[in-house]
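Structure first, commentary second.
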Protein chains: 2
Amino acid sequence: MNEKPLSESTEMYLKALAELSAREPVAVARLAERLGVTPVSANEMVHRLDEQGLVSHKPYKGVALTKKGREIASDVLRRQRLWECFLFDHLNIEWAQIYEFACSLEHATAPEVTEALAVFLNHPKTCPRGNPIPEQDGSFEPLNGAPLSEAEVGSVVTALAVNATATDVLKYLQERNILPGREIEIVEAAPMRGPLTLRVEGKEVVLGLSLAEFVIVK
Amino acid sequence: MNEKPLSESTEMYLKALAELSAREPVAVARLAERLGVTPVSANEMVHRLDEQGLVSHKPYKGVALTKKGREIASDVLRRQRLWECFLFDHLNIEWAQIYEFACSLEHATAPEVTEALAVFLNHPKTCPRGNPIPEQDGSFEPLNGAPLSEAEVGSVVTALAVNATATDVLKYLQERNILPGREIEIVEAAPMRGPLTLRVEGKEVVLGLSLAEFVIVK
DNA sequence: GTTGATAATAAGGTCAGCCATAATATTATT
DNA sequence: AATAATATTATGGCTGACCTTATTATCAAC
Ligand SMILES: [Mn+2]
Ligand SMILES: [Mn+2]
Ligand SMILES: [Mn+2]
Ligand SMILES: [Mn+2]
């Protein structure tokens with residue numbers, strides 16, 4: 001039933017697509033940006049993935065995961081987030097680093113190891129970055145929230161998840177206490193898509209809008 | 001101090017060299033065999049490793065690790081054997097499979113993760129296959145034993161380690177109870193390098209000499 | 001509709017690690 | 001010393017995943 005092992009690159013493209021959009025097509029340029037690759041390279045790779053039936057690319061309309069591709073992406077996310085739990089809860093690795101480390105381990109993890117890890121961790125529902133961990137069948141409840149960048153001024157919201165992946169960005173947010181579970185008051189939004197002023201844990205914090213997009217709140 | 005990340009292939013060549021011989025040069029052909037690669041390919045790779053100063057190749061005399069290469073190999077072995085401990089002791093993965101799974105994880109493990117894992121496991125000294133786990137500085141006490149294939153008929157020995165790597169070989173030995181810690185009586189050795197007849201856990205077992213070479217006993 | 005931005009293709013390269021086949025070189029044995 | 005086995009090198013190829021620099025399509029906005 002399960003095919004030959006996929007390359008790390010393939011798994012990362014599929015995962016990036018899953019993270020960028022639940023279902024709507026993603027522009028190849030956005031995918032390229034996310035993966036730190038030129039648009040031409042991403043285009044080539046998307047073609048290869050299309051030929052393998054993992055992705056469907058309609059020129060000028062974007063790329064979307066096929067059912068097969070979505071299943072694999074879910075599986076990669078499952079591995080990644082289970083490892084994040086282990087690294088954070090059991091190895092006491094710094095929160096800002098767990099994504100990076102888990103992102104390496106995820107590609108080196110056999111199905112037996114994934115499932116044994118899930119048992120060891122007692123089947124956690126979310127990872128320390130706040131994202132849901134897909135079940136073995138690929139199902140999971142999507143987060144029911146919106147980016148902090150779209151929250152109304154004056155409101156008080158709760159951070160659900162932090163979707164940044166770069167370690168330095170995560171460190172920056174961690175230092176400002178913008179972490180899953182924290183209450184955040186939106187004090188002010190500068191005009192012309194300027195930065196937000198927030199109050200978190202009693203302290204005022206100024207946060208650029210592009211960073212605020214990574215923070216999912218309710 | 002630590003350089004750019006090495007490829008999985010590079011790490012595997014270095015590890016194979018460390019496993020094949022503590023210090024004496026190894027024939028390129030043996031290395032090729034161990035890695036499942038043609039001798040020509042191994043030769044090319046050995047050249048690249050030589051240029052990087054990880055290995056020293058004297059044509060017709062074999063390859064040996066340099067100090068730098070040996071340090072890296074020790075580090076890979078450390079990662080591998082720590083993962084073996086985790087997989088066996090905490091994830092309850094079948095003994096015969098832990099090598100294979102750890103052999104993937106070892107290349108995806110950052111130094112911080114390695115050390116945190118060592119702490120989590122309480123700094124184990126040996127892995128479930130019986131081999132010593134190198135310290136952070138690369139030091140470890142080599143096993144003081146000899147291959148079962150060289151044990152005297154009539155003697156009773158204790159298995160110290162099983163150095164096989166192929167899962168099917170490990171499974172074969174596991175099924176016959178040839179595991180670290182077990183007492184083994186050498187009942188008979190067939191002539192012309194024929195198989196050994198052993199008594200393990202009360203049962204008689206016939207074991208080919210080439211398999212017996214994998215078992216280190218005292 | 002024309003135009004400017006964006007997306008996609010085409011074309012030609014690089015690099016690591018593999019492969020096969022053929023030619024040499026060395027070592028070991030007789 | 002000749003010879004057979006083994007090791008090494010020389011060539012030439014391949015694949016996946018990247019790159020740069022054009023060129024060409026398409027879409028969206030005026
Ligand atoms: Mn990854
Ligand atoms: Mn390995
Ligand atoms: Mn081309
Ligand atoms: Mn060549």
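Letters go in sequence order (proteins before strands), and every chain restarts at 1.
Heavy-atom distances to DNA chain D give each of B:Ala27 and A:Thr10 a nearest nucleotide, and the one nearer the 5′ end belongs to B:Ala27.
Rounded to whole angstrom, the span from the NE2 atom of B:His57 across to the C1' atom of D:dA7 amounts to 8 Å.
Contacts of A:Thr126 classified as side chain to side chain donor-acceptor pair (under 3.5 Å), with partners at least two apart in sequence or in another chain: none.
Ring geometry for B:Trp83 versus B:Phe86: interplanar angle over 60°, hence perpendicular rather than tilted (30 to 60°).
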Item to complete: Can you check each nucleotide of nucleotides 24-29 of chain D against protein heavy atoms at under 4.0 Å and return B for base, S for sugar-phosphate only, - for none, in 5' to 3' order?
Response: -BSS--
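Put simply, CG on A:Leu87 and CD on A:Gln80 are 10.0 Å apart, with the number rounded to the nearest 0.5 Å.
Near DNA chain C, meaning a heavy atom under 4.0 Å from it, residues 30-56 of chain A has A:Val40, A:Asn43, A:His47 in order of number.
Here the closest non-hydrogen pair linking B:Ala189 and B:Leu196 is CB-CD2, 3.6 Å. Nearest heavy atom pair, residue A:Leu14 against residue A:Gly69, reads CD1-O, 4.2 Å. Closest non-hydrogen pair, B:Ala159 versus B:Val217, comes out as CA-CG1, 4.0 Å. The two residues B:Ala96 and B:Leu170 come nearest to each other via the heavy atoms O-CD1, 3.6 Å.
Just one of B:Glu71, B:Glu84, B:Glu115 meets the salt bridge (charged side-chain N to carboxylate O under 4.0 Å, His left out) condition when paired with B:Arg78; it is B:Glu115.
With distances taken from any side-chain atom of B:Ser9 to the nucleotides C:dC18, C:dA7, C:dA8, the minimum falls on C:dC18.
Regarding contacts with the backbone of C:dC18, a side-chain N or O of B:Tyr13 is found under 4.0 angstrom from either OP1 or OP2.
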